[in-house]
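Accompanying notes for the structure given below.
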Amino acid sequence: MELYDKILDRESVRDFDDKAIEAEKLEIILEAGRLAPSAQNKQCWRYVVLKDKDNIKRFAKNIGFLGTVNFFIAKAPVVIVACADPKRSAKLNGQDYYLVDTAISFQQMMLAAWSMGIGSCWLAAFNENKVRQYLGIPANIRVVGMSPFGYPKEKKSLYGKAVKAFAGSKNRLERSKIVSEERWFLD
Ligand SMILES: Cc1cc2nc3c(=O)[nH]c(=O)nc-3n(C[C@H](O)[C@H](O)[C@H](O)COP(=O)(O)O)c2cc1C
């Protein structure tokens, strides 16, 4: 149940230590994403990895964050931008599966990272066009999300604590609200 233990104690990390991520650990993180399942095994995800400190800082300044929101990524040793090519994903029941495929792959990276003591935080609040422009991503590719990766700082910043409180990060719906047995009994 090692994986379940990691699922239990995982949390979004918004404060990072200066310590770099070891190359072999970054390899493992990227492999965990590459090996993910996807609809019809189409593997529509594509990733851009930022490791250069100055580039990460410039990136954070240029992708349309509102005020200080999400600016904490500027202090992470690695940022990974999760993209997808919708044309290379499956369409089933009228649904595009690129978001599902890419979310699974990216979450595998995050869980692999967490299992090695490396924190991350899904981010969706950015300006997609600005990200595209900054990184040179073509218009047909969607930017699904991004995350900083790094060792968690021992002491959380005021910002980190405030976002956690604001997002109610520990709150989860009760099981009876989200799971029913044998047929749909949910609201
Ligand atoms: C798709 C997605 C988008 C998110 N976007 C942001 C974001 O832009 N900024 C942020 O600080 N956290 C963001 N989060 C993190 C959530 O706030 C966090 O997962 C939630 O509060 C639960 O907290 P936990 O991850 O610590 O358990 C996002 C999470 C997901 C899954």
Side-chain angles (χ1 to χ4, degrees), residues 1-34 36 45-83 99 102-128 130-135 137 143-173:
M1 296 299 267
E2 262 174 50
L3 175 59
Y4 186 54
D5 288 339
K6 291 296 157 200
I7 288 170
L8 284 181
D9 73 4
R10 185 212 56 82
E11 61 174 354
S12 292
V13 172
R14 297 181 180 86
D15 292 291
F16 298 96
D17 204 87
D18 286 337
K19 187 178 166 190
I21 297 181
E22 299 83 344
E24 61 278 12
K25 290 192 180 163
L26 187 54
E27 277 298 303
I28 291 173
I29 292 169
L30 296 174
E31 273 303 274
R34 192 178 72 87
W45 50 70
R46 300 290 183 268
Y47 293 99
V48 180
V49 182
L50 283 70
K51 296 189 273 186
D52 181 274
K53 268 187 180 178
D54 292 335
N55 194 26
I56 290 175
K57 279 201 188 92
R58 271 199 311 276
F59 177 69
K61 277 189 197 153
N62 284 286
I63 56 168
F65 286 155
L66 294 176
T68 54
V69 172
N70 290 341
F71 203 73
F72 61 89
I73 71 161
K75 290 198 177 149
V78 171
V79 171
I80 301 181
V81 181
C83 306
L99 289 173
T102 308
I104 292 170
S105 164
F106 206 29
Q107 186 65 18
Q108 285 203 176
M109 286 193 195
M110 291 175 171
L111 280 175
W114 189 246
S115 74
M116 299 182 291
I118 296 165
S120 61
C121 180
W122 263 99
L123 300 187
F126 52 79
N127 181 309
E128 185 181 19
K130 288 190 173 178
V131 174
R132 268 205 202 99
Q133 202 175 9
Y134 186 90
L135 296 175
I137 297 169
V143 183
V144 175
M146 68 180 68
S147 177
F149 286 79
Y151 289 96
K153 215 173 187 171
E154 218 166 284
K155 249 184 128 182
K156 286 190 180 94
S157 65
L158 206 60
Y159 176 86
K161 285 186 200 159
V163 177
K164 265 193 192 301
F166 177 75
S169 290
K170 285 285 166 213
N171 300 343
R172 293 296 186 270
L173 295 172

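Worth saying up front: this structure is predicted, and the values here are computed from it rather than measured.
For the atom pair Met110 CE and Ser115 OG, the distance stands at 13.5 Å (nearest 0.5 Å).
Residue Lys156 places its NZ atom among 12 or fewer non-hydrogen atoms of other residues, nucleotides or ligands, all under 6.0 Å distant. By the neighbour-count criterion of 12 heavy atoms within 6.0 Å, atom CG of Asp18 is sparsely surrounded, having that number or fewer from other residues, nucleotides or ligands. Within a 6.0 Å radius of CG in Leu8, other residues, nucleotides and ligands contribute more than 12 heavy atoms.
Closest approach of Val13 and Gly119 over heavy atoms only: CG2-CA, 3.7 Å. Of all the heavy atoms in Asp15 and Gly160, the pair that sits closest is OD2-CA, 3.7 Å. Nearest heavy-atom pair, Lys164 versus Arg14, reported as atom, atom and distance to 0.1 Å: CG-NH1, 3.8 Å. Among all heavy-atom pairs drawn from Leu111 and Arg10, the shortest one is CD2-CD, 4.2 Å. Closest approach of Pro77 and Ala20 over heavy atoms only: CB-CA, 4.3 Å. Among all heavy-atom pairs drawn from Ile56 and Ala76, the shortest one is CD1-O, 3.5 Å.
In this structure, Lys19 is positioned above the aromatic face of Tyr151, its NZ or CZ under 6.0 Å from the six-membered ring centre and within 45° of the axis.
Listed for the Ser12 side chain is no donor-acceptor partner under 3.5 Å among the backbone atoms of Cys121.
For the pair Ile29/Gln108, no side-chain contact is recorded, criterion being any heavy-atom separation below 4.5 Å from C-beta on. Within the 4.5 Å cutoff, side-chain heavy atoms of Phe59 are placed close to those of Val79. Side chains of Val78 and Leu50 form no contact here, defined as non-hydrogen atoms less than 4.5 Å apart. Residues Ile80 and Leu30 form a side-chain contact, since some pair of their non-hydrogen atoms from C-beta on lies under 4.5 Å apart. At a threshold of 4.5 Å between non-hydrogen side-chain atoms, the residues Cys83 and Trp45 do not count as touching.
Checked by atom type, the side-chain pair Trp114/Glu11 shows no donor-acceptor distance below 3.5 Å. A donor atom on one side chain and an acceptor atom on the other are found under 3.5 Å apart for Asn55 and Tyr134.
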How far apart are the C-alpha atoms of Trp122 and Phe106, what are their side-chain angles, what is the distance that settles it, and do they pass the ring-ring contact (aromatic ring centres under 6.0 Å, His included) test?
CA-CA 9 Å; Trp122 263 99; Phe106 206 29; 5.2 Å; yes
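Using a 30° and 60° split on the angle between ring planes, Phe72 and Tyr159 fall in the tilted class, from 30° to 60°.
Ion pairing between a basic and an acidic side chain is recognised when a charged N comes within 4.0 Å of a carboxylate O; Arg132 and Glu128 show such pairing.
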Under 3.5 Å, side-chain donor or acceptor atoms of residues 62-70 against the rest of the protein: list the pairs with distances, not counting sequence neighbours.
from: Asn62; atom 1: ND2; to: Arg58; atom 2: O; distance (Å): 2.7
from: Asn70; atom 1: ND2; to: Ala125; atom 2: O; distance (Å): 3.1

